[in-house]
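Bear in mind that the values here come from a model prediction, so they are computed numbers and not experimental data. Letters A, B, ... are given to chains in the order of the sequence lines, protein chains preceding strands, and every chain is numbered from 1.
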Amino acid sequence: MTAAEYAQTLQLKPVVPATATVSGGDSQRKWRHLLLKDFTFFYVSGELTYASQSTKKRMDYIHCRGGIVLPAYDPELVTHIIVDTANPDKPDAGVTLRTLGLKKLSDIPDHVPTVKWKWVNSAKLVPNGDRAGNFRIVEDGNGGHVTVRMDWEFMHSAFVARVHAGKGFKNTGGNEKDKGKGKPKAKTTAQRKEGENSEEEDNDSAEDISDISCACRLIGSVVGVRLIFVCSRNFTQDAPSPPPSAKETTPAVNQTKSVQSEREIPFISDPLGEFEALAKEEKKAEGFLCDAPNSNSLTSECPNQDIVDKLEELMELHRAKPTEEDKWRVYSYSKSIRKIRTYPHRITSYEEARNIPGVGDKTALKIKEILETGELRRIDIEYTEDLDVVHLFQGIYGVGQHIAYMWYSAGCRTLDDIRERKNGIKVSDVQEIGLKYYDDINTRMPRAEAGEIFTAIKRTAVSIDPHLYVEIMGSYRRGKATCGDIDILITRPTDDGNSHEGVLASLLSALQREGIIRENLSMPDFKDDPLEAVYRGLCVRPLREGEGHDTKRLVHILTVPYKSRGAALIYYTGDDIFNRSLRLKANKMGYSLNQRGLFAGVVRSTENKMIKTCDGHIIASETEQEIFRILGVPWQEPWERVRS
DNA sequence: CGGCAAATACTG
DNA sequence: CAGTAT
DNA sequence: GCCG
């Protein structure tokens, strides 16, 4: 979710005051307090697509101290702008202006200081009520009052051009307040959020975010601590931990709960150490794919690119084939190819290939052949005439390997053959739709369009019940520039005694009325659990004036019980390979992971592995972090979970 | 030689 | 329910 | 296909 959206969710959460330990003389006391009460912040993170863990934590930090975080910049309401872009010590004016929708820094009203995060951190309780410096009297959490002292804003001014803004710089007291009522010249954040993810957003983050994070890590390792610092700030969780009390106070929506309790790390404790830990993990963890944060897409100069190409070609041939055998071959190839792709030097012999874990005798022989001849005969052998046709048929939604081959052996060769039911083949309703929209379904959509459709669906959902938790997952959440489909998760907190029961049905009919949903592919079945259901269909982006773009897009809408949201997030965010690895690791550890949670003590009958003798008991499900932690998998942002 | 992820929905 | 697809 |  974006920073704006997160700020919005925060507003719904109750404020439970944080506590701080205060040493007064020889005794230590715990104070509940609302250090930041009466402040209204707008937080500039520079993160266009999502709020990072760090951003969320800082927003939480403000929230549980009584401060308000505006979801959109509003010069009328805001008292402080926090600029916390990539490098916290060197705020980015360009990013700030873009986020605010302004042209010049001077468009910000003079009474609104632009400060670095450090300023927020400077707030301290004054135990003896000593009134000196920049102090304020604020409510404590119990109806009383306490004294708070913090640095003057100018001491932590984000931009030299604006050190004068706010209090303290010169004690002029008044008359600057209404100078430039700074109305936004361009769009406000709220307005731009409307057309969210359209053009601008994608220009900035055009490609895979994973590439960025990857490059960042790489640079960091070469250049040294300074850059590692920058990178780790952006891509891992290392925000200042709110005081321990915050973890009971944060309502369940907060995904960071368990992490906070585990890592009481002061801000940037030891970036180098963190990096070493990562490196160590990568080295020794010959274990599970999910353990090592994405190190792929180092596509530039892979010394074994030719080998990778040939093996991939062969893998794709097997992928189209129908047998169980081929399925596992593909599984195996994908693993070995990944290893070869990240192998640092040119492979020169069978032996060398064979020594790579995941590369067995057969693959090593193939590599040898490629090294010697530059070709792979097996490709020609596997590339039978049926493959193209079967591949074509498999592009029809609802048609897999088996049906594709059945149709082929029935003599069908083209999509028109299928449309005509040539030789009496059967085509199901769903397949008929798949046929009708063959091109649409097989074309990935720009990220921005996925965002637009999501926004529209979310708007409708929230109009049905404003308390719904609605998130977009899948490749969108992984930061991809294009999306094959749209995965939407819906759930709802139950603390007010209500649930999202019945919402999906209403939502679907509403979306149908709006003309957003055009075709149904599969309808949910609420028989077991009214809170858990899956819908699949085809939708179009909300039509705009004079624009006839109505390419049908695959949409999946899922609902889960609120308790399961963490597990569901993992499950539906993927990617596929990452998930399989995660679940494999869970199994090896004696657990079982599915979209509802992480279970212990699951017993499967040895005969029919599909049947669980014992369901086991759930040990985690509410947050992604919790599940990662129990599985001993280092936290990875969605865009770092790319394995395929 | 068995395991390799795990669940839901549709079809017949 | 088994087989298929997602 | 690879692994234990």
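Spacing of P atoms, D/dC2 relative to B/dA7, comes out at 29 Å, to the nearest Å. Taking atom P in both C/dT6 and B/dC4, the straight-line distance is 23 Å, to the nearest Å.
Rounded to an integer number of Å, the gap from A/F578 CZ to B/dA5 P is 14 Å. Rounded to a whole Å, the CG atom of A/L584 is 12 Å from the P atom of D/dG4. When the C1' atom of B/dC4 is taken as reference, atom OH of A/Y333 falls 16 Å away, rounded to whole Å. A/L558 has its CG atom 12 Å from the P atom of B/dT8, to the nearest Å. Rounded to whole angstrom, the span from the CZ atom of A/R580 across to the P atom of D/dG1 amounts to 17 Å. For A/D487 and B/dT8, the CG to P distance is 17 Å, given to the nearest whole Å. As a whole-Å value, the separation of A/N587 CG from B/dG3 P is 12 Å. Here B/dA5 presents its P atom at 11 Å from CZ of A/F288, a figure rounded to the nearest Å.
Residue A/R329 has a polar side-chain atom (N or O) positioned under 4.0 Å from OP1 or OP2 of D/dG1. OP1 or OP2 of D/dG1 sits under 4.0 Å from a side-chain N or O of A/R378. Close to B/dA7, at under 4.0 Å from its OP1 or OP2, lies a side-chain N or O of A/N594. Contact annotation: A/S592 side-chain N/O to B/dA6 OP1/OP2 distance is under 4.0 Å. Regarding contacts with the backbone of B/dC4, every side-chain N or O of A/Y331 stays at 4.0 angstrom or more from both OP1 and OP2. Residue A/R354 places at least one side-chain N or O under 4.0 Å from the OP1 or OP2 atom of D/dC3. The phosphate of C/dA5 (OP1 or OP2) has a side-chain N or O of A/H402 nearer than 4.0 angstrom. Using a 4.0 Å cut-off, no side-chain N or O of A/S522 falls inside it from OP1 or OP2 of C/dT6. A sub-4.0 Å separation between OP1 or OP2 of B/dA9 and a side-chain N or O of A/K527 is absent.
The existence of a salt bridge linking A/K327 and A/E324 is confirmed by a sub-4.0 Å separation between a basic side-chain nitrogen and an acidic carboxylate oxygen. The residues A/D485 and A/R444 are annotated as not salt-bridged, no charged nitrogen and carboxylate oxygen being separated by less than 4.0 angstrom.
Residue contacts shown for A/V330 are absent, as no nucleic acid heavy atom lies under 4.0 Å away. Here A/K585 lies out of heavy-atom contact (under 4.0 Å) with every strand. Within the nucleic acid shown, A/Q401 comes within 4.0 Å of sugar-phosphate atoms alone, with no base atom in reach, counting heavy atoms only. Heavy atoms of A/D326 sit nowhere under 4.0 angstrom from any nucleic acid atom. Residue contacts shown for A/S581 are absent, as no nucleic acid heavy atom lies under 4.0 Å away. Among the atoms of the strands shown, only primed sugar atoms or phosphate atoms (P, OP1, OP2) are found under 4.0 Å from some heavy atom of A/I396.
Stacking between A/W328 and D/dC2 is absent: the ring centroid is not both under 5.5 Å from the six-membered base ring centre and under 30° in plane angle.
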Legend entry - Strand DNA chain B in bracket notation, Watson-Crick/G-U under 3.5 Å with | for pairs to another chain: ||||..||||||
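Among C/dT4, B/dA7, D/dG1, the nucleotide with an atom closest to any side-chain atom of A/I403 is C/dT4. Set against D/dC2, B/dT11, B/dA9, the side chain of A/P524 has B/dA9 as its closest nucleotide.
Heavy atoms of other residues, nucleotides or ligands lying less than 6.0 angstrom from CG of A/D361 number more than 12. For A/K335, the NZ atom counts as loosely surrounded, since its 6.0 Å shell holds 12 or fewer non-hydrogen atoms of other residues, nucleotides or ligands.
Within the cation-pi definition used here (under 6.0 Å to the ring centroid, within 45° of the axis), A/R565 qualifies as a partner of A/Y562. Geometrically, A/R421 does not engage A/W407 in a cation-pi contact, judged by NZ or CZ lying under 6.0 Å from the ring centre and within 45° of the ring axis.
In this structure the side chain of A/R341 reaches within 4.5 angstrom of the side chain of A/E312, judged on heavy atoms. The shortest side-chain heavy-atom distance between A/V503 and A/R492 does not fall under the 4.5 Å cut-off.
Within 3.5 Å, no donor on the side chain of A/Y397 pairs with an acceptor on the base of C/dA5, nor the reverse.
Residues A/Y333 and A/H318 place their aromatic rings such that the two centres sit under 6.0 Å apart.
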